[in-house]
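Report on the following structure.
Hydrogens, waters and symmetry mates are skipped; everything else that's a heavy atom, side chains included, is used.
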Amino acid sequence: MEYQINQMILGDGNYRLNNTIVYYSERYGKTTTVDAGEISDGATGAFDVVSRAWWVHDKLCKTGKWDDGTKITNWQCSQVLQDILTEEGRRFQGHYWFWSTWAIGGGEARKNGMF
């Protein structure tokens with residue numbers, strides 16, 4: 001299943017989100033919101049796919065917290081990425097990206113702890 005997302009590719013190769021994404025994690029019972037107008041480089045270091053996964057993951061890495069202010073760990077952040085990709089029918093990619101982002105990414109979520 002391909003997820004439809006309203007985004008624009010900018011001249012510098014980044015993307016701008018044109019619609020707000022509200023993601024609820026059934027696993028963690030928490031919500032994160034990616035506001036319209038956010039800028040992202042896409043799937044950092046990987047092939048970009050039309051997905052809300054990297055938008056949500058980027059937001060969690062940038063803030064290190066859920067919408068309610070609860071801190072998120074690097075493991076949880078990568079798990080959310082995997083959950084979204086799996087939900088979108090990209091199970092293998094979700095598994096691969098989980099380990100890649102957990103090992104070398106995370107931003108503020110990483111500062112909150114690896115687990």
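Atom CG of Asn74 sits about 7.0 Å away from atom SG of Cys61, to the nearest 0.5 Å. If you take CG on Asp58 and OG1 on Thr32, they are separated by 11.0 Å, rounding to the nearest 0.5 Å. Atom CZ of residue Arg16 and atom CD of residue Glu38 lie 12.0 Å apart, to the nearest 0.5 angstrom. To the nearest 0.5 Å, atom OH of residue Tyr23 and atom CD of residue Glu87 are 6.0 Å apart.
Residues Met114 and Trp75 are members of one and the same hydrophobic cluster, defined by side-chain heavy-atom contacts under 4.5 angstrom among Ile, Leu, Val, Met, Phe, Trp and Tyr. Under a hydrophobic clustering in which Ile, Leu, Val, Met, Phe, Trp and Tyr are joined whenever their side-chain heavy atoms come within less than 4.5 Å, directly or via other members, Ile104 and Leu81 fall into different clusters.
Across all non-hydrogen atoms, the minimal contact from Trp66 to Thr31 is CE3-O, 3.6 Å. Of all heavy-atom pairs between Trp55 and Ser40, the closest is CZ3-CB, 3.6 Å. In this structure, Leu60 and Cys77 approach most closely via the heavy-atom pair CB-SG, 3.5 Å.
Ion pair Asp67/Lys30 not flagged as a salt bridge, since none of the NZ, NE, NH1 or NH2 atoms sits closer than 4.0 Å to an Asp/Glu carboxylate oxygen. Taking 4.0 Å as the cut-off between side-chain N and carboxylate O, Glu88 and Arg52 count as a salt-bridged pair.
The closest side-chain heavy-atom distance from Val56 to Ile21 is below 4.5 Å.
Between Asp83 and Gln79, the side chains place a donor N or O and an acceptor N or O closer than 3.5 Å (distance only, hydrogens not considered). At a cut-off of 3.5 Å, with distance as the only test, no side-chain donor of Thr70 or Lys65 sits close to an acceptor on the other residue.
Below 30°, between 30° and 60°, or above 60°: for Trp54 and Tyr15 the angle between ring planes is between 30° and 60°, a tilted geometry.
By the side chain to side chain donor-acceptor pair (under 3.5 Å) test, Thr73 pairs with Gln76, sequence neighbours left out.
Side-chain atoms of Asn112 come within 3.5 Å of backbone atoms of Ile72 as a donor-acceptor pair (strictly under, hydrogens ignored). When atom types are taken as modelled, the side chain of Thr33 and the backbone of Asp35 share no donor-acceptor pair closer than 3.5 angstrom.
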